[in-house]
Chemist: 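Below are the structure tokens for one structure; questions will follow.
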Amino acid sequence: MASFARNAIVLGLLSAVGPFAIDMYLPALPEIGADLNAEPGVVQLSVLAFFAAVGLCQMIYGPLSDMFGRRRPLFVGMILYTIGGIGCALAPTIEMLIAMRFLQGVGACAGMSIPRAVVRDLHTGPDAARLMSLVMLVFSVSPMLAPMFGSVISEFVGWRAVFWVLAGLGVMGLTLAVTSLRETRPPEARIASSWSSAYGNYGRLLLDRYFLGVSFIGGFGMAAFFSYLTGASFLFIDHFGLSAIEFSIIFASNAFAFIGTAQLNGYLGRRFGLARVVLAAATAFAAFTMVLLALTFVGGENLFVLWFMLLISFGCLGLVVPSTLVLALDDYGKIAGTAASLLGTLQMLLGAGFTALVSLFADGSPRPMVAAIAVCGAMAATLAWVTLGPRSGRGGKPIPAPAE
């Protein structure tokens, strides 16, 4: 039990380094645009650049972690993340900031993808869901506290100081990986791993309809959250007139709903089966987001309604995302790094696409963001019924705990 908790803390903190780079600077986006003389849509491209880098580079980190172990690629990633943070802090133009955000994302994706493979190295089934949910509980400090810290730092010191803090977190992540993470991919398990086998495994995974279906259920869930990340700060601060601190409180409450329900995955997975949990939660997520869409377009714009419906919707996502990660990797323990990287790439590119759409159609109102979230909800539920529904053959019994 002690090692279980220790693994959750270490993996959670490493996973949080990347999300901190997203959440901490969100309240500063309007200030960045004003300081660098850039339109909101252009400033939002710095969010897109980060997501695109994380998505694309997982295709490299996954095979590397299968070939050379989990630790060494993490070391490289944390170094690049730190360099990118320093570059953002010193960026004289919005173009340089976007470029450095891409580099920061290249490094961050090591911490956002490799811990998934470590979880699969250690556990399967409900135990893996429980560990994954605990990992999310640890890195939940990011969406709950990072925006508040970022708003305080940017208000009193300036937005550049936010990136100096993020660079410091990169150094902390590197130290943690070196001192506290044991290798879970021993040399004998790496013998058959190579770039050619990785590409062959990518082809095998891309032909697996179940793997793709489960990956995209979680992917549309993450894309909904990315759509929220892209539009939230401008919407709540500029449109509704909230302060940066007030925005961070709303942002933290939605994150808390996600993380809180995620802690039920282990229990619900053992009792009902992870597939049934995902199916029910994805369906509920779609229903709530469709109601929010109707209220937004028909009933006008109400801050409380928007916040409350997002709170419930993201609570449903807490039962979807961790469980789909486990379901997707359950059959691929021998190539967990490669499978996790492809899953992460597909999900991040999907999220980047929705980020671009929200930026493109941004008009200062909640409508583009809410519409994107509702589309994601509908797609996640549709895929859940196709992949995990009664006729799929994969939605049935609870998954037994693996033998010790």
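It should be emphasised that the depicted structure is a prediction, and the values quoted were computed from it without experimental measurement. Positions are given from 1, in the same order as the sequence printed here.
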Chemist: Does A89 offer a backbone N or O that forms a donor-acceptor pair with the side chain of R160 under 3.5 Å?
Modeler: yes
Chemist: Could you state the interatomic distance from CD1 (I217) to CG (L212), rounded to the nearest 0.5 Å?
Modeler: 11.0 Å
Chemist: Do I373 and L292 come within less than 4.5 Å of each other through their side chains, counting heavy atoms only?
Modeler: no
Chemist: Say whether, by atom type as modelled, one donor and one acceptor occur between the side chain of N265 and the main chain of G318 under 3.5 angstrom.
Modeler: yes
Chemist: Would you say the side-chain atoms of T261 pair up with the backbone N or O of G315, donor to acceptor, closer than 3.5 Å?
Modeler: yes
Chemist: Does the pair F211 and L342 meet the rule for a side chain to side chain contact (heavy atoms under 4.5 Å, CB included), with working shown?
Modeler: CA-CA 10 Å; F211 174 84; L342 179 60; 3.9 Å; yes
Chemist: Dump the intermediate steps for side chain to side chain contact (heavy atoms under 4.5 Å, CB included) on L346 and L350, then the final yes or no.
Modeler: CA-CA 6 Å; L346 294 174; L350 185 64; over 6 Å; no
Chemist: Would you mind listing every side-chain hydrogen bond (donor to acceptor under 3.5 Å, both in side chains) that reaches into residues 165-180, with sequence neighbours excluded?
Modeler: none
Chemist: Could you verify whether a donor N or O on one side chain and an acceptor N or O on the other, from S65 and R70, lie under 3.5 Å apart?
Modeler: yes
Chemist: Quick check: do F163 and Q104 have side-chain heavy atoms less than 4.5 Å from each other?
Modeler: yes
Chemist: Answer yes or no: is there a side-chain heavy-atom contact under 4.5 Å between V157 and V162?
Modeler: no
Chemist: Indicate yes or no: at least one non-hydrogen side-chain atom of M309 is less than 4.5 angstrom from one of V370.
Modeler: no
Chemist: Do you know which of L327, V320, T324, L319 makes side-chain contact (heavy atoms from CB on, under 4.5 Å) with V277?
Modeler: L319
Chemist: Report the distance from atom CD1 of I114 to atom CG of L14, rounding to the nearest 0.5 Å.
Modeler: 9.5 Å
Chemist: Is a donor on one side and an acceptor on the other found under 3.5 Å between the side chain of E183 and the backbone of G69?
Modeler: no
Chemist: Can you confirm whether P366 sits close enough to H239 that some side-chain heavy atom of one is under 4.5 Å from a side-chain heavy atom of the other?
Modeler: yes
Chemist: Just so I know, are the side chains of V106 and F102 near enough to count as touching, which here means a heavy-atom distance under 4.5 Å?
Modeler: yes
Chemist: Which distance, rounded to the nearest 0.5 Å, do you find between the OG of S46 and the CD1 of I32?
Modeler: 6.0 Å
Chemist: Hey, can you tell me if F308 and F304 have their rings parallel, tilted or perpendicular (30° and 60° cut-offs)?
Modeler: parallel
Chemist: Can you name the closest pair of heavy atoms from G377 and F285 and give their distance?
Modeler: CA-CE2, 3.4 Å
Chemist: Regarding Y25 and S154, is there a side-chain donor-to-acceptor distance under 3.5 Å anywhere?
Modeler: no
Chemist: Let me confirm one number: the CG-CE distance from L36 to M96, rounded to the nearest 0.5 Å.
Modeler: 11.5 Å
Chemist: Please name the pair of heavy atoms, one in F361 and one in P368, separated by the smallest distance, quoted to 0.1 Å.
Modeler: O-CG, 3.1 Å
Chemist: State, with a plain yes or no, whether a side-chain heavy atom of C316 is found less than 4.5 Å away from one of F288.
Modeler: yes
Chemist: Rounded to the nearest 0.5 Å, what's the gap from CG on L279 to CH2 on W385? Could you check?
Modeler: 4.5 Å
Chemist: Please confirm whether F225 and F314 have ring centers closer than 6.0 angstrom.
Modeler: yes
Chemist: Run the side chain to side chain contact (heavy atoms under 4.5 Å, CB included) test on M222 and V321 for me, step by step, so that the C-alpha distance in whole Å, both residues' side-chain angles and the decisive distance to 0.1 Å come before the verdict.
Modeler: CA-CA 7 Å; M222 293 300 296; V321 176; 3.7 Å; yes
Chemist: Compare every heavy atom of V178 with every heavy atom of R71, then report the nearest pair and how far apart it is.
Modeler: NH1-O, 3.4 Å
Chemist: Any chance you could lay out the side chain to side chain contact (heavy atoms under 4.5 Å, CB included) test for E246 and F236, step after step, and finish with the verdict?
Modeler: CA-CA 9 Å; E246 290 170 332; F236 287 111; over 6 Å; no
Chemist: Can you name the closest pair of heavy atoms from I86 and A167 and give their distance?
Modeler: CG1-CB, 3.9 Å
Chemist: Are any side-chain N or O atoms of R101 and backbone N or O atoms of L45, one a donor and one an acceptor, separated by less than 3.5 Å?
Modeler: no
Chemist: Kindly write out the residues that satisfy side-chain hydrogen bond (donor to acceptor under 3.5 Å, both in side chains) with Y81, not counting sequence neighbours, or none if the list is empty.
Modeler: none
Chemist: Calculate, to the nearest 0.5 Å, the distance between atoms SG and CZ belonging to C376 and F216 respectively.
Modeler: 12.0 Å
Chemist: How close do V43 and A38 get, heavy atom to heavy atom, and via which atoms?
Modeler: CG2-CB, 3.8 Å
Chemist: Measuring only between side-chain heavy atoms, which start at C-beta, is F354 closer than 4.5 Å to V375?
Modeler: yes
Chemist: For M290 versus A378, what's the shortest heavy-atom pair and its separation?
Modeler: CE-CB, 3.4 Å
